[in-house]
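Worth saying up front: this structure is predicted, and the values here are computed from it rather than measured. Chain letters run A, B, ... following the sequence lines, proteins first and then strands; every chain starts at 1.
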Amino acid sequence: MELKERYLAAKRRLFDIAYAGLNDMQRESVFTVKGPLLVLAGAGSGKTTVLVKRIAFIIKYGDAYFSEKLPHGLDEDSVVKLEEASKLSRGEIEQILPEFINEPCAPWQMLAITFTNKAAGEIKSRLASAFDDESISSSIWAGTFHSVCMRILRKYGDRVGYEAGFTVYDTEDTKKAISDIMKSLNIDDKVMPVKSVISSISKANERLITCDTFETEYAGDYRMRKVAQIYKRYQERLKSCNALDYDDIIMQTIFLLRDNEDARDYYRNKFRYVCVDEYQDTNLAQFELTRILASGYENIMVVGDDDQSIYKFRGADITNILEFDRTYKNAKVIRLEQNYRSTKQILDAANMIISHNTSRKGKTLFTDRTDGEKIKLRCCEDQNAEARYIIDEINKAVASGSRGFKDFAILYRTNAQSQAIERAFAKSGIPYRVLCGQRFNDRKEIKDVLAYLQLINNHKDNERLKRIINEPKRKIGKQTLDAVEQIAAEQSCSMYEIISQADKYTALKRSAGTLLGFAELIDYFSGLLDTDITLEAFVRQVIDRSGYRQMLIDGGDEEKDRLDNIEEFISGVIDYSSREEGGTLGGFLEENALVSEVDKYDDTADAVVMMTIHSAKGLEFPIVFLPGMEDGIFPGMQNILASDAEMEEERRLAYVAVTRAKDVIYIVHTQRRMLYGRTTYNPISRFVKEIPEELIDTVEERRSVSTSAEYAPKTYFSASPRFGAGFSEEKVTVNKPLFAKPAQEAGKRIFKEGDIVAHMTFGRGEILTVKPMGADTLYEIAFDKVGTKKLMATYAKLKKYEG
DNA sequence: CAGCCATATCTTTTT
DNA sequence: GATATGGCTG
């Protein structure tokens with residue numbers, strides 16, 4: 001062999017050894033640095049690891065691995081030395097590697113885009129631990145599509161007509177604005193539901209169709225002509241409010257880059273490397289954005305799994321990934337098919353299900369794990385029996401000591417299914433958490449407080465102004481507001497501007513006083529921002545001086561939860577300030593608009609978790625329950641009736657569901673199910689039938705109601721006889737968590753029903769019920785002053801009431 | 001202008 | 001069956 005080849009082989013050998021923790025395909029993905037690269041990463045194949053290691057590799061060594069550059073004066077001796085080096089330890093080899101650096105990339109030239117904040121956070125934190133120097137990892141651009149675009153818009157937003165401090169509108173704001181516009185255009189929302197209009201507009205946004213193009217493109221269609229009208233007004237309205245909705249954030253960024261050569265050149269020259277995660281979920285706009293950003297160097301790497309594309313209904317275009325190698329000529333395609341998560345049985349089942357799809361790149365996952373059990377299939381009478389079965393199985397496993405509550409996840413097709421299960425769990429006393437679409441921020445009181453803050457931050461924000469101008473009641477009614485809105489439209493200025501000069505308009509004469517008062521309030525808050533007040537103190541001022549807090553206090557018992565929620569919101573503000581040095585109101589609002597509840601899901605609490613299969617994507621659990629595996633539920637009836645493409649998407653969802661499980665999977669279906677007030681009799685899901693019988697263990701229904709009694713160790717009853725006391729229902733007793741640790745262990749004393757206790761803030765109260773929740777205890781306490789509350793022993797800091 | 005009762009709606013939703 | 005919205009009345 002020639003000297004040159006020996007040198008390159010020896011060099012690559014050293015890198016291979018240094019990255020021996022990865023398998024061959026993973027390593028090749030890491031080392032392939034230049035040009036377009038598609039990594040088809042199956043579920044549980046170490047996708048994030050590859051992504052992070054590759055970014056770190058590029059920054060450390062550039063394209064050292066495949067580079068054919070030779071050192072000056074290459075001779076026999078130095079090659080032999082290099083060949084010998086492979087016998088050294090990994091640590092020693094790593095010392096040698098820097099000598100191969102070729103065209104390394106500065107951290108700020110690296111862009112990594114994900115879909116969720118959670119994924120972005122994961123990448124950021126893993127990168128932070130990959131580099132000793134914090135300044136390296138923090139200068140890498142890693143964020144969601146939306147946060148990356150926001151960053152670009154903050155720099156160049158004025159080019160597309162946005163002022164500093166622009167606002168993000170969420171789906172609710174959009175809905176309000178659209179239905180408002182429809183009213184003003186006299187379009188009946190019975191004939192044209194707001195939802196369908198929004199979805200048409202959103203689809204247009206995703207396909208980068210502006211309202212003008214939309215108008216001409218659909219000129220022949222009456223309905224679409226109307227939509228075009230609404231679309232146009234909506235866009236004008238967003239602009240005049242200095243606001244963008246989620247789709248706009250991406251679309252406007254693209255227009256900005258398309259129409260402004262300097263901005264475009266700045267970014268395409270800046271980002272030498274672009275990485276995109278979950279590429280199968282990109283829509284046309286996102287595809288276009290990555291294409292533009294990567295157009296300078298075309299070093300674009302996308303990671304994804306066509307089999308896990310489950311967001312078509314949101315505009316995700318699976319052809320982006322299927323045709324990646326056609327879009328980018330010379331693209332290299334690497335498949336990661338080794339799964340490090342699930343047992344063989346689980347993978348075989350998943351492979352069999354997904355093999356029924358035709359439009360796919362084709363992958364077959366394999367694993368080294370041979371310790372698995374068959375898939376447990378169980379038929380229950382109805383949804384309540386289904387819930388009880390799940391509870392029994394969890395109790396059994398936890399009682400045997402092998403599992404904690406947090407090892408279990410219940411994944412369902414629709415949120416509605418969680419109800420019956422939740423009810424049963426609430427009774428059982430098993431600690432659980434439900435992740436539903438409803439975000440904490442969607443609660444009215446939070447949205448109201450946010451609206452105040454948003455209006456202060458951006459005075460043009462008419463939507464938020466309308467939301468809170470009469471909340472608390474300031475005697476500013478609809479008529480006054482309509483007048484203000486009309487004048488604002490005529491003068492093409494913001495509603496706030498009109499309100500602050502209300503005395504100048506005869507139409508507003510009657511309410512001029514109250515309107516001016518409101519403007520003064522907002523001005524006062526704006527003035528506060530210029531002082532060195534902390535964000536927390538500022539937010540408290542807003543809540544107090546606006547009268548919002550008083551309104552809730554006056555509201556009595558029903559509004560108690562809302563006050564608590566507002567306190568929780570404030571702790572979010574405190575949290576933000578402590579995380580972001582020099583954090584501003586604008587910064588807080590932006591983060592708030594772009595962060596969802598699922599991002600905050602932490603897996604530390606010992607509780608069973610319930611969520612939709614969609615939300616579970618990217619997560620893994622030792623034991624997974626899939627209730628409601630019935631034709632009509634999953635796949636849903638609408639998808640059964642629709643085209644093959646819909647069914648394939650549904651099947652991919654089933655594939656995602658099954659591949660969440662590490663060790664055990666339970667598939668449950670019922671004979672009869674009550675859903676939406678109707679009893680249905682659904683056959684078992686066709687996806688279950690796609691799993692070969694030899695992988696399935698059909699679990700017979702037991703006749704006895706108290707099946708779990710035989711698993712409940714006697715010690716449980718004798719150790720804590722008190723727990724059953726408040727319940728007469730047998731099944732409740734039976735379903736108590738087994739081996740629930742007495743709270744005493746944590747240095748807390750246990751109270752019983754009827755005890756009188758003292759709480760730090762709520763004062764004197766009487767214990768109504770005592771429920772063990774895993775390692776903690778839930779008390780329901782009737783307080784003298786603040787009514788009945790449910791509190792966890794760990795947090796409540798209760799004392800025996802004395803005197 | 002605010003509270004109350006009738007009515008419609010019910011996949012999935014990373015931002 | 002449960003919940004959010006809207007129209008109507010006080």
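The side chain of A/Tyr311 lies closest to B/dT14, out of B/dT12, B/dT15, B/dT14. In the set B/dC10, B/dT12, C/dT5, C/dT5 carries the atom at the smallest distance from any side-chain atom of A/Lys175. Of all nucleotides listed (B/dT13, B/dT14, C/dA2), C/dA2 comes nearest to the side chain of A/Gln419. For A/Met674, whose side chain is taken as the heavy atoms from C-beta onward, the closest listed nucleotide among B/dT12, B/dT15, C/dG1 is C/dG1. Considering only the side chain of A/Tyr676, C/dG1 comes nearest among C/dG1, C/dA2, B/dT13.
A/Asp170 has its CG atom 16 Å from the P atom of B/dT13, to the nearest Å. Rounded to whole angstrom, the span from the CZ atom of A/Phe634 across to the C1' atom of B/dT12 amounts to 10 Å. Between the CD atom of A/Glu422 and the P atom of C/dT3 there is a distance of 11 Å, given to the nearest Å. The interatomic distance linking A/Leu653 (CG) with B/dT13 (C1') rounds to 12 Å, in whole Å.
Note on residues 282-293 of chain A: pairs passing salt bridge (charged side-chain N to carboxylate O under 4.0 Å, His left out), not counting sequence neighbours, are A/Arg258-A/Glu288, A/Glu288-A/Arg291.
Taking every heavy atom of residues 194-210 of chain A and every atom of DNA chain B, pairs under 4.0 Å involve A/Lys195, by number. Near DNA chain B, meaning a heavy atom under 4.0 Å away, the residues from residues 637-650 of chain A are A/Gln638, A/Asn639, A/Glu650.
Using a 4.0 Å cut-off between a side-chain N of Lys or Arg and a carboxylate O of Asp or Glu, A/Arg660 and A/Glu620 do not qualify as a salt bridge.
Regarding the sugar-base torsion, B/dT11 falls in the syn class, its angle being within 90° of 0.
A/Ser615 has a side-chain polar atom (N or O) that falls below the 4.0 Å cut-off from OP1 or OP2 of B/dT13. At B/dT13, one or more side-chain N or O atoms of A/Thr612 fall inside 4.0 Å of OP1 or OP2 (strictly under the cut-off).
Rounded to whole Å, the separation between the P atoms of C/dT5 and B/dT12 comes to 16 Å.
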Give each protein N/O atom lying under 3.5 Å from an N/O atom of nucleotides 1-5 of chain B, with the pair distance.
from	atom 1	to	atom 2	distance (Å)
B/dC1	OP1	A/Gly477	N	2.3
B/dC1	OP2	A/Lys478	N	2.8

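Residue A/Phe145 is classed as having no contact, given no heavy-atom separation below 4.0 Å to the nucleic acid.
For A/Asn470, there are no side-chain hydrogen bond (donor to acceptor under 3.5 Å, both in side chains) partners at least two apart in sequence or on another chain. A/Thr210 pairs by the side-chain hydrogen bond (donor to acceptor under 3.5 Å, both in side chains) definition with A/Thr213, not counting sequence neighbours.
Here the CE-OG1 distance, from A/Met674 to A/Thr679, works out to 5.0 Å after rounding to the nearest 0.5 Å. The line from OH of A/Tyr279 to OG1 of A/Thr114 is 15.0 Å long, rounded to the nearest 0.5 Å.
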